[in-house]
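Heavy-atom basis, side chains included; hydrogens, waters and symmetry copies ignored. Note that ligands are numbered from 1 as they come in the structure, with each ligand's atoms numbered from 1 the same way.
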Amino acid sequence: MLKSATHTDCIEANGAAVKLSPTQTLAFMTRRYFAAPLPPCGGVVKLDADETHHLTKVMRVKVGETVTLFDGEGRQCDATVESIGRRDVICLSQPPAPTDHENARSLTLGIAMPKGDRSKDLIERLTELGVNRVVPLHCNRTQWPVTENAITKWQRVVIDACKQSGRNHLMEIAPPVRAAQWFGDSAHVENVMRIIADPSGAPSLGSPEARPLACAIGPEGGFDAMEMDAAKQLGWHPVSFGSRILRIETASIVAAIKLVM
Ligand code: SAM
């Protein structure tokens, strides 16, 4: 995409959209580093080992160069690289400012996560699309449990996708939970529109209301009858994304695009 593009939009710290050349776009995508917390009035920031590696070994940034730091909670700032050590990089930051690229409506996706790299790629896409929270679901037809190790890896994927996409909020990854329990717990959260992705559900949401959404995506074998019945009784609305059966990743991405973008 970069090679064929002539220009692309970029949102600067002051919120103004400017056009960037392909070379500038590459610089924008790669000059961002995650550091939390950022000092509220600006000051000294030490980058962690992962960010130090990316800045020094991959991007080969030098002392005196300017980078962008973001804190994963919606703030970013410019910073000057002051020193580069073997294990850490010290920057001097400006005061961070809120810079929001979030969707107008929040979306939590409960997903029976697919296996291995399919999940990793899915986490990357959902972060880019602005999904707020992913809850890994353990369903009656789940074939592989989500491990703590996988979640730790996905958290790193979220940071990298935020760096790449310009998002300043990290997508949250909740601990895994049984689908039936999540259906029940979410039913007690007020003002949330609850949707269960179901090929035989209603063709659309009807008139979308401006309230947060929760959407459940089932495993390869689908939710079983017990899970579907429990969800419906708890006020979850079955909604179809078309007449074809989509893989978990496709259904999740369609949900993110159709429901909140
Ligand atoms: N045989 C399963 C069934 O019919 O539900 C297929 C499961 S599909 C691979 C995995 C999940 O993606 C489903 O449980 C559902 O939540 C979602 N999904 C797949 N296709 C969909 C569609 N057309 N509309 C809505 N959700 C869909």
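- Residue L246 holds the heavy atom nearest to atom 20 (N) of ligand 1 of all those in L246, V254, L137.
- With contacts defined as side-chain heavy-atom distances shorter than 4.5 Å, the pair R211/V192 does not qualify.
- Taking every non-hydrogen atom of V239 and a distance limit under 4.0 Å, the qualifying atoms of ligand 1 come out as 25 (C).
- Between the side chains of N149 and T147, not a single donor N or O lies within less than 3.5 Å of an accepting N or O.
- With salt bridges taken as basic N to acidic carboxylate O contacts below 4.0 Å, none links D224 and R141.
- Checked for salt-bridge contact, R156 and D160 meet the test: a charged N lies under 4.0 Å from a carboxylate O.
- Of all the atoms in ligand 1, the ones that sit under 4.0 Å from a non-hydrogen atom of R244 are 20 (N), 22 (C), 23 (N).
- The shortest N or O to N or O distance between I217 and ligand 1 is not below 3.5 Å.
- At least one test fails for R194 against the ring of F183: distance under 6.0 Å to the centre or angle within 45° of the axis.
- Looking only at heavy atoms of the protein, atom 15 (C) of ligand 1 is closest to A197 O, 3.2 Å.
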For R125 and E249: C-alpha separation, side-chain torsions, deciding distance, then whether salt bridge (charged side-chain N to carboxylate O under 4.0 Å, His left out) applies. CA-CA 9 Å; R125 303 284 172 272; E249 305 89 300; over 6 Å; no

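- Nearest protein neighbour of atom 24 (N) of ligand 1, counting heavy atoms only, is F241 N, 2.8 Å.
- Annotation: G218 places an N or O atom under 3.5 Å from an N or O atom of ligand 1; distance criterion only.
- Checked by distance only, ligand 1 and S243 stay at 3.5 Å or farther apart across all their nitrogen or oxygen atoms.
- Among the atoms of I245, none of the N or O lies under 3.5 angstrom from an N or O of ligand 1.
- A salt bridge is absent between E51 and R31: the closest approach of a Lys/Arg side-chain nitrogen to an acidic carboxylate oxygen does not fall below 4.0 angstrom.
- Taking 4.0 Å as the cut-off between side-chain N and carboxylate O, R118 and E220 count as a salt-bridged pair.
- Among the atoms of A251, none of the N or O lies under 3.5 angstrom from an N or O of ligand 1.
- In I196, neither the side chain nor the backbone holds a heavy atom less than 4.0 Å from any atom of ligand 1.
- Looking only at heavy atoms of the protein, atom 5 (O) of ligand 1 is closest to G222 CA, 3.7 Å.
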